[in-house]
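On a predicted model such as this, the values are computed, not experimentally measured, just so you know. Residues: numbered from 1 along the sequence shown. Basis for what follows: all heavy atoms, side chains included, without hydrogens, waters or symmetry-related copies.
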Amino acid sequence: MEPFQILCSIAAVILAFYYFFTSTLDFWKSRGVCGPRPIPGFGNLKDVLLGKLTMSGYLMKLYNDYKHEPLIGIFAMRTPVLIVKDPDLIKDIFIKDFSTFADRGTTTHEKAEPLSQHLFNLDPKRWRALRLRLSPIFTSRKLKGMFSLISECADHLVEYTEKLASRNEPIECLELMAQYTTDVIGSCAFGIDMNTLSNKDSEFRRIGRDIFHQPLSDLLRSIIKTVSLRLYDILGYILPNTEITNFFMNLVMDSINNREKNNIIRHDFIDMLRELKKHPDKMEDINFTDSVIASQVFMFFAAGFETSSTAMSSMLYEMALNQKIQDRLREEIDEEYTRNGSNLTHENIKKMNYLEKVIKETLRKYPPLMFFTRKTTSSYTFNGVKVSIPQGQKIWIPIFALQHDPHIYPEPDVFDPERFNEEAVRSRHPMFYLPFGDGPRNCIGSRFATYQIKLGLIKILRNYKFEPCEKTEIPYAINEKTFIISPKNGIYLRIIKINRA
């Protein structure tokens, strides 16, 4: 080949790549949506991809740089992403026009990642069929029936904490709360005594840690998935299942078979899945395979223990730094015990208004996720701003930034439960507080999560005082390596037993 032909071929390849990476970059400008100038190949995430800036830091900067804009247009590589800030537009997405935004934009991979077929990831059609049949397990009536099981786990937490407190040394509270919530999930959802509080070598706790802190053995899968979803699905026929997949598949199938064989009925999460498996005719829009069943258990376990334990430990962190708030909450708890004796009930807990405020403020300051994702199922035009977007458009709703906006929550880094008194709540748009999302596709387990948080905190705060120590990290640093907001280096506090006459 002549040198000129070689140069022409090289130029053609370069131009093709340039066109590929730049052909979409006028997408937002043509629609009149403001946003930062993208860089070919990186879009707007260069500093995030190169590790110079965290995703949370980037979203906060973006939110503040365009503080007067209801919509911000950015690019993830070459893919247009719309960031929605305006509360009325968020309400349209979550509630009013939900049918257009029912898709989270997440993917499932039956072969490569069998446990990905859970409620959070499913496409709208399969999600709707499954959500309808799983919702009854999370009603107030069902939660009330779980009271004694959760209360027993909370008692074990108090007993174990006494052993830790007697050592008179800093205690890592995130791990302690994770052990408690793991036991609650095991008891309420699976009928299993996981015993993670007293068993340091608990397999359930080890698996739980691996879910959110990926072992090196799973790194190859993540790289392939990031590079190409199609290749990831093809390799699913070759790559062996991960240890986490095998663990949950065996756990669920062994549990179901044992209950069938011994005629055990507990009316819990496993039993509900058993019934759905027995009656596939009721699941017209979803093939209820063993891996689909295991996926729901995996989701319930992972989301149930991690988000709740993070919220609990973050709340204890704030209680330690704000002793007046801790004292006031303990006073409310003691008053309820004085009125009703040691046998606390579901109704007693519902009356604890200050506890409710403290939990809401914790979830305001430390929401489980940085942002929510959606993908349009059809073309759509936003009301008021008249911006039109096509089918398949990716949308991010920056919950963390919204809940830290000083114009909505003055001095957002200050922990102030009175932000949630009746008058303050009435003065704010409801879409400015969304730790569990809103609308039909909100978090199905939000009431269960709040319930186990309340019971655990009531019992531990009644018996122990929490104070900062030399290992307490101030300020709170977010762990950017996990997709759930959590402390980077744990939460170390001093725990002091309260002696009661």
Side-chain angles (χ1 to χ4, degrees), residues 120 137-138 142-143 146-161 164 171-200 202-213 244 247-248 251 268-270 296-319 349 355 358-359 362-363 366-369 435-436 443-461 463-464 466 479 482-487 490-491 493 495:
F120 188 92
I137 196 68
F138 298 102
K142 283 286 187 180
L143 290 177
M146 296 177 187
F147 181 90
S148 61
L149 296 175
I150 302 176
S151 183
E152 185 177 352
C153 291
D155 288 337
H156 292 161
L157 172 63
V158 171
E159 293 169 6
Y160 183 64
T161 302
L164 297 179
I171 305 300
E172 207 288 278
C173 291
L174 179 60
E175 176 63 22
L176 177 61
M177 296 303 112
Q179 291 171 325
Y180 160 70
T181 55
T182 299
D183 282 353
V184 171
I185 296 295
S187 181
C188 294
F190 315 132
I192 299 173
D193 182 7
M194 294 185 176
N195 201 30
T196 57
L197 280 166
S198 57
N199 181 9
K200 293 182 180 179
S202 167
E203 189 176 17
F204 287 98
R205 186 65 200 108
R206 181 179 61 80
I207 290 292
R209 280 191 287 265
D210 286 350
I211 291 172
F212 292 94
H213 301 85
I244 293 173
F247 177 86
F248 280 98
L251 169 68
D268 57 9
F269 195 58
I270 291 290
Q296 312 321 311
V297 173
F298 166 76
M299 179 201 69
F300 191 13
F301 175 81
F305 90 80
E306 181 71 9
T307 56
S308 294
S309 60
T310 300
M312 290 180 73
S313 55
S314 298
M315 182 173 163
L316 293 175
Y317 174 84
E318 292 293 347
M319 295 294 97
I349 293 175
L355 173 63
V358 170
I359 290 176
T362 301
L363 293 173
Y366 309 100
L369 298 176
F436 297 114
C443 176
I444 192 173
S446 59
R447 279 190 287 192
F448 178 87
T450 303
Y451 202 47
Q452 67 172 337
I453 289 171
K454 284 184 176 181
L455 256 173
L457 287 171
I458 285 170
K459 296 207 172 187
I460 201 167
L461 284 171
N463 291 279
Y464 301 96
F466 291 79
N479 185 357
T482 60
F483 59 87
I484 285 181
I485 294 177
S486 61
I491 293 178
L493 299 172
I495 303 178

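Nearest heavy atom pair, residue Gly304 against residue Ser308, reads O-OG, 3.2 Å. Considering every non-hydrogen atom in both Ile150 and Tyr451, the closest pair reads CD1-CD2, 3.6 Å. A pairwise comparison of heavy atoms in Ser151 and Leu455 identifies N-CD1, 3.9 Å as the closest pair. Contact between Gly456 and Ala154 at its shortest, heavy atoms only, is CA-CB, 4.1 Å. Residues Leu197 and His156 approach most closely at CD1-C, 3.8 Å, considering heavy atoms.
Judged by distance alone, with hydrogens and angles left aside, the side-chain atoms of Ser309 form a donor-acceptor pair with the main-chain N or O of Glu306 at under 3.5 Å. Glu172 places a side-chain N or O within 3.5 Å of a backbone atom of Leu174 that can act as its donor or acceptor partner. Side-chain atoms of Tyr180 come within 3.5 Å of backbone atoms of Gln452 as a donor-acceptor pair (strictly under, hydrogens ignored). Judged by distance alone, with hydrogens and angles left aside, the side-chain atoms of Ser187 form no donor-acceptor pair with the main-chain N or O of Asp183 at under 3.5 Å. Under a 3.5 Å cut-off, the side chain of Tyr464 and the backbone N or O of Val158 do form a donor-acceptor pair. Using modelled atom types, one side-chain atom of Thr181 and one backbone atom of Met177 make a donor-acceptor pair closer than 3.5 Å. Side chain of Thr196 to main chain of Gln179: a donor-acceptor pair is present (N/O by atom type, distance under 3.5 Å, no hydrogens or angles).
Atom CD1 of residue Ile453 and atom CE of residue Met312 lie 7.0 Å apart, to the nearest 0.5 angstrom. Atom-to-atom distance recorded for Ile491:CD1 and Ile171:CD1 is 13.5 Å, nearest 0.5 angstrom. The line from CG of Asp155 to OG of Ser148 is 11.0 Å long, rounded to the nearest 0.5 Å. Note that OG of Ser313 is 9.0 Å distant from CG of Leu493, once rounded to the nearest 0.5 Å. In this structure, NZ on Lys459 lies 10.0 Å from SG on Cys153, to the nearest 0.5 angstrom. In this structure, Thr161 OG1 and Asn463 CG are separated by 9.0 Å, a value rounded to the nearest 0.5 Å.
With a 4.5 Å cut-off on side-chain heavy atoms, Leu355 and Ile458 count as touching. With contacts defined as side-chain heavy-atom distances shorter than 4.5 Å, the pair Leu457/Leu316 qualifies. Looking at Phe436 and Leu363, their side chains come closer than 4.5 Å, going by heavy atoms from C-beta outward. Residues Phe138 and Leu143 form no side-chain contact, since every pair of their non-hydrogen atoms from C-beta on lies 4.5 Å or further apart. Between Pro487 and Tyr317, the closest side-chain pair of non-hydrogen atoms is not below 4.5 Å. A heavy-atom distance below 4.5 Å is found between the side chains of Phe448 and Val184. Looking at Ile495 and Leu164, their side chains never come closer than 4.5 Å, going by heavy atoms from C-beta outward.
Considering only residues two or more places apart in sequence or on other chains, Phe298 meets the ring-ring contact (aromatic ring centres under 6.0 Å, His included) condition with Phe248. Remark: Arg447 engages no residue in a salt bridge (charged side-chain N to carboxylate O under 4.0 Å, His left out) (not counting sequence neighbours).
The aromatic ring centres of Phe305 and Phe204 sit 6.0 Å or more apart. Proximity of the aromatic rings of Phe301 and Phe269 is defined here by a centroid distance below 6.0 angstrom, and this criterion is not met.
Side chains of Tyr366 and Glu318: a donor-acceptor N/O pair is present below 3.5 angstrom, by distance only.
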